[in-house]
Each structure stands twice: as structure tokens, then as C-alpha cells.
Amino acid sequence: MRGLVGLGTALLLTLNGCVFGSSEEPPTFEELQYSEVSLPPEQARLEPRSITLSVGTIVKARVDAHDSNESVISEVEYRSKDPRVMTIEPAGEEGVYILIGSGVGTTELELYLAERRIAALPVSVIEQGSQ
Amino acid sequence: MATGLALRLVGLVSVWACVACGADALDPDQSPGELGNGAFRYECFDTEDAACPDGLTAEEFPDSVAVGSRFQISYEEFDPSGPTSAFKIEAASNVFVKRLDKGFEGISGGFAGLFARRTSDSTIIDIIHLRVADIAELELRTDDNKPLRVAMRVGETQSVRTRTYDKSGNKLAGANDFYWKVTGDKAVALEFASPSAVMDITAAQVGTSELSVTVGEVENLYTITVEEAAQ
């Protein structure tokens, strides 16, 4: 009997944890920080809350999402809303990405945490030599 | 903050050192990738590729390829992850280059970002930016690297190869379509059909001919005079 109570308590605690986990507010995204940025021949401006690339150019960067407490938000997944404008791919090393200016236009870089979108940053892909 | 800066500096120095040591062993037709993981190699698209005077190997990794030309590059890792590592070269955008069954074609002037994707796990391993430029100037050079001779004697043949340059005088690589035409007297005969980047020009009979060589929007005209063969 005591064992059953223990098991029940454990189950309740686990369920509680699951429910709490799924309803927990995700961290508040504050900004992106970049390091190890490669230098393409044409303009690439990686800003904390926006990205500007020249069409046809490729940039490698270590990208970290930070919350309002200046802590790194781990396990963020980055997706481009429109890969015809910009694509982002892992570069084979954790936290390092390849950003590709595929076509002139605007789109968003979406940040997902456990399939929940926590932020979307504007991305502009511009003509080469336009600035 | 200071630690972060120091780490970044160490990282930068490491990457530079790696590129430098790898670059020491590079062939002339190779260029290190911008991520320092290996080198891109310029492959002769065919025997008429302007970067390949012998038709087999590029003299050097070119700075620029011509708009309208076909070209091909490959990639080799400095430290191969396995004996079966193979890479596919892809373009960042179809604005400047177009993918062909084999290699690429220059479409418009600009920097074309290209990347090497490892086929086994689809990871991008390295990147390079290749300049694509419009042809502004065309030149004919003989096999012994002299300008075309416009005075010939009956029976002579000179083999010439085309060369192209951008508006700043930079030599352009790639295989373009060159069209050849002779007008006026039938003083000279062309030995190969167009399009061709190379041509054997034979002095057939005494007279004067106009030779026209065209690539894209650029046309060169030469007046070739043929005299009797020397006795």
C-alpha cells in the first residue's frame, strides 16, 4: 500500500512537471550576438535584431540568442521564413551557421525553442554594391 | 570580456595558421576556402576553357570568370573526414551563376558565393566567392603567346587562342562561345567550325580578308593580308 502511494505521488509529480513544463513561458528573447564572422566581399550586416546580406554572398557566424537577463538561450533553432530570400544552415559545429543571400527581398529569421516561435527578426537581402 | 576577446584572437590566429599551412601545399589551380577547411580547385571545363592553355590544367585559380562562360570547380578538405568524403558545389544564388549538368555558367556580373556541401551528411564545409565579370576586351594570341600576325604568306598557318578581359584588364576564365567569320577576298581559311575558342588560320591565296571574332557583345575585326609564299 505504501508502495502504491509512493508510485502515485511520483506519477502526480511527473504529470505536474509535464504540465508545468508545457505551459512555462519561454525565455524573453532580447538579441542575437555573433562571433567568428567570416568576411564576404560584399556587404553583410549582422545586427542584434536584424540582418542585411548582399545577394549571392555567404556568411559564416557563431550565433547566440540572448534573453533579457543577458543569458544565452540554449537549443534555439533558426529558420528562414522564405528560403528564396535567405537560407540558414548549420555549419557542422554546434552554434555555427551559414547564412546565404539567395535572392533580393525581405524575410524573417525565426527563432524556435521546442517548436515554439520565440522571435522573428527582419532580414533584408539587397543588390550587390547597393550601399 | 577580455577573455572572450583573447579567445577570439586565438581562434583567428588558429584559422589563419591553418589556412597558411594548408595554402603552402596548394597547387596553382587551388584557392583556400574562406572557412579554412580545405581548398577549391578550378577544373578545366573543356579544352577551350580560357584558364587552361594546355586544355588540361588551369594555370592558376582565376580571380574572375566571364559572363556567359562555363566553368567548373571542385573541393578537397585539408583534413579529410574519411576516404569517401565527396563534395557537391552549390551556388548561393542563381543571380550570378546558373547550375549546369556539369559546372556552372556565369549569368551576370558580381560576386557569386559558392559552397562545398559534403554529400554524406549534407553539411556545408567551406565557402568561396568567385567574381563574375562582363567581357570588355577580346584578344587573340598565338601558341607561342604572341599577338595574331596580320601579314601572312600563302601556305602559312597560325594557331590562335582567344583571351578575354574585364573592363579593368583582368584576365577572365571559363569556356565562352566565340564565333569566327571571314569576309572579303578568300585570302585566309578557318580550319575549325564556330563556336570555338581556338582557331587555325591558313593563308590560302594572295589577297586581303577581314576576320571577325565575336563573343557576346564584343567583336574584334582584323584585316589580314596574304602575300606570295617566300621563294
Side-chain angles (χ1 to χ4, degrees), chain A residues 32-46 51-64 66 70-72 78 80 82-107 123-131, chain B residues 1 3-16 19 32-38 40 63-64 77 79 81 85 87 89-99 104 106-118 120-133:
Chain A
L32 292 181
Q33 291 185 11
Y34 311 91
S35 57
E36 303 168 30
V37 182
S38 66
L39 289 173
E42 286 284 323
Q43 183 185 181
R45 220 170 44 228
L46 306 183
I51 290 173
T52 303
L53 293 177
S54 297
V55 67
T57 60
I58 309 170
V59 184
K60 180 215 79 169
R62 180 172 291 282
V63 184
D64 287 314
H66 286 247
E70 297 185 8
S71 299
V72 173
Y78 299 92
S80 169
D82 187 353
R84 293 170 303 177
V85 175
M86 191 272 295
T87 55
I88 181 165
E89 292 195 39
E93 188 184 338
E94 195 176 335
V96 181
Y97 296 88
I98 303 285
L99 293 91
I100 301 170
S102 310
V104 173
T106 56
T107 185
V123 174
S124 296
V125 175
I126 60 175
E127 300 274 4
Q128 286 191 10
S130 60
Q131 277 188 9
Chain B
M1 178 70 180
T3 309
L5 185 62
L7 280 174
R8 283 169 67 180
L9 280 172
V10 168
L12 277 173
V13 169
S14 304
V15 167
W16 180 85
V19 169
E34 293 169 24
L35 305 188
N37 295 324
F40 290 86
D63 291 329
S64 309
E77 265 184 301
D79 183 17
S81 53
S85 282
F87 301 92
I89 309 299
E90 296 179 30
S93 168
N94 57 11
V95 171
F96 305 105
V97 295
K98 178 173 80 177
R99 178 94 211 164
F104 296 92
I107 298 296
S108 63
F111 285 97
L114 302 170
F115 51 89
R117 187 188 293 282
R118 191 164 50 210
S120 59
D121 61 2
S122 292
T123 302
I124 294 175
I125 296 298
D126 221 330
I127 59 180
I128 194 167
H129 289 84
L130 188 60
R131 188 167 163 271
V132 184

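Every heavy atom of this structure was used, including side-chain atoms; hydrogens, water molecules and symmetry mates were not.
- For a residue to count as touching a neighbouring chain, one of its non-hydrogen atoms must lie under 4.5 Å from one of that chain's; by this rule B/Phe111 touches chain A with backbone and side chain alike.
- Contact between A/Gly56 and B/Ser93 at its shortest, heavy atoms only, is CA-CB, 3.7 Å.
- In this structure, chain A has no heavy atom under 4.5 Å from any part of B/Ile125.
- No side-chain donor-acceptor contact under 3.5 Å links A/Asp64 to the backbone of A/Gln33.
- Here the closest non-hydrogen pair linking B/Arg118 and B/Phe87 is CA-CD2, 3.6 Å.
- In terms of heavy atoms, B/Phe104 sits closest to B/Ile89 at CZ-O, 3.4 Å.
- If you measure heavy-atom distances from A/Thr57 to chain B, the contacts under 4.5 Å come from both the backbone and the side chain.
- Using a 4.5 Å cut-off between heavy atoms, A/Ile58 touches chain B through backbone and side chain atoms alike.
- Residue with the most contacts toward chain B among A/Ser38, A/Gly92, A/Ser102: A/Ser102 (heavy-atom pairs, distance under 4.5 Å).
- With a 4.5 angstrom heavy-atom cutoff, B/Thr123 touches chain A only via side-chain atoms.
- Remark: A/Arg84 CZ is loosely packed, at most 12 non-hydrogen atoms of other residues, nucleotides or ligands lying under 6.0 Å away.
- For B/Glu34 and A/Lys60, the salt-bridge test fails: no basic side-chain N is under 4.0 Å from an acidic carboxylate O.
- Proximity to chain A (any heavy atom under 4.5 Å) is shown, for B/Ile124, by both the backbone and the side chain.
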